[in-house]
Amino acid sequence: MRQPFIAGNWKMNKTVQEARELAEAIVAGVQALHDVEVALCPPFVALTAVKAVIADTPLKLGAQNMHDQEKGAFTGEISPIMLAGWVDYVIVGHSERRQHFGESDAFINRKVRAALRHSLRPILCIGETLEQNDRGETEAVLAQQLRLGLDGVSSTEAAHLVIAYEPVWAIGTGRPATPADAQQRCAFIRQELCARFGDVADAIRILYGGSVTPSNAPELLRQPDIDGALVGGASLVAQDFIAIVRAASQKQTA
Ligand code: PEP
């Protein structure tokens, strides 16, 4: 049984004070829901403030990015040893990093392996562009991003992974994948994970991400291979994020 997981990716939003207030509002709304794991991924500068807010709650903390090297001349970057023991999760390979910062599958793979080496749980994001979808290449793209992104990861390590299926055309557009399409892609991802890691794949949580809202979350989260959501825009509004977490809680009790 995979515990539903909802992660909020705040991206480059919220000052430290705003982040603290948002975290407090979310904690008030979700801390009684013990059947859903919830992670907040604020900007780096707000990690300390949000960590203090969630200290005595079951909520988890995530970073939005990380370099693969432990230290060195990488101005502006944050390393796995800086995050280890401090956050639980780290988002790796988000499409915005791939698109705006030119991150390759090879670099993303080094980050995944560095995260696992330092006991950080990677949330590996994969997903096709609109053009790739239109050309019927979605499954080939997902298979390749998984194969390259998880190169060198053992079955034992795979148990700590979370995969986020995020069609690039659905992120921040208000145009989510249909529940049926999202389910089909997530089932495909699980099949690929199973071929690679065997039974461990049944325990790996696969999230859907892309314009998730309180109104579409219940149907998306009802799908058997969708174990939760990576939420961008709606995670910035406490009541919306809380409603999505509640929808995940209902999946669990359904
Ligand atoms: C994301 O950034 O991972 C995301 C899914 O964003 P949004 O929910 O805004 O589409």
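Note that ligands are numbered from 1 as they come in the structure, with each ligand's atoms numbered from 1 the same way.
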- Query: So which protein heavy atom does atom 8 (O) of ligand 1 come closest to, and at what separation?
  - Reply: Gly232 N, 2.8 Å

- With a cut-off of 4.0 Å, which atoms of ligand 1 are near a heavy atom of Leu230? 3 (O), 5 (C)

- Message: For atom 1 (C) of ligand 1, tell me which residue out of Arg175, His94, Glu96 has the closest non-hydrogen atom.
- Response: His94

- Message: Only heavy atoms of Gly233, strictly under 4.0 Å: list the atoms of ligand 1 that pass.
- Response: 7 (P), 8 (O), 9 (O)

- Which of the atoms in ligand 1, numbered in the order shown and given with their element, are less than 4.0 Å from a heavy-atom of Ser211? 7 (P), 8 (O), 10 (O)

- May I ask you to test the Val27-Ile54 pair for a side-chain heavy-atom distance under 4.5 Å? yes

- Treat each ILVMFWY residue as a node, draw an edge where side-chain heavy atoms are under 4.5 Å apart, and state whether Trp10 and Val231 are in one component. yes

- Applying the side chain to side chain contact (heavy atoms under 4.5 Å, CB included) test to Asp151, which of Val112, Leu146, Asn109 qualifies? Asn109

- Item | Close side-chain approach of Ser79 to Lys71, heavy-atom, < 4.5 Å | no

- To the nearest 0.1 Å, how far is atom 3 (O) of ligand 1 from its closest protein heavy atom, and which atom is that? Glu166 OE2, 2.7 Å

- May I ask you to list the atoms of ligand 1 that are less than 4.0 angstrom from any heavy atom of Gly210? 5 (C), 10 (O)

- Message: Are Leu230 and Cys125 packed together at the side-chain level, in the sense that at least one heavy-atom pair is separated by less than 4.5 angstrom?
- Response: yes

- For Gly172, atoms of ligand 1 separated by under 4.0 Å from a heavy atom: 7 (P), 9 (O), 10 (O)

- Query: Would you say Ala170 contacts ligand 1, with heavy atoms under 4.0 Å as the rule?
  - Reply: yes

- Note on the structure: Result for salt bridge (charged side-chain N to carboxylate O under 4.0 Å, His left out) between Asp227 and one of Arg222, Arg205, Arg190 points to Arg190

- Message: Under 4.0 Å from a heavy atom of Asn9: which atoms of ligand 1 are those, numbered in the order shown and with their elements?
- Response: 2 (O), 3 (O)

- Would Arg185 count as a cation-pi partner of Phe188, with NZ or CZ less than 6.0 Å from the six-membered ring centre and within 45° of the ring normal? no

- Any heavy atom of Ala234 sitting closer than 4.0 Å to ligand 1? no

- salt_bridge(Glu103, Arg97) N-O dist < 4.0 Å: yes

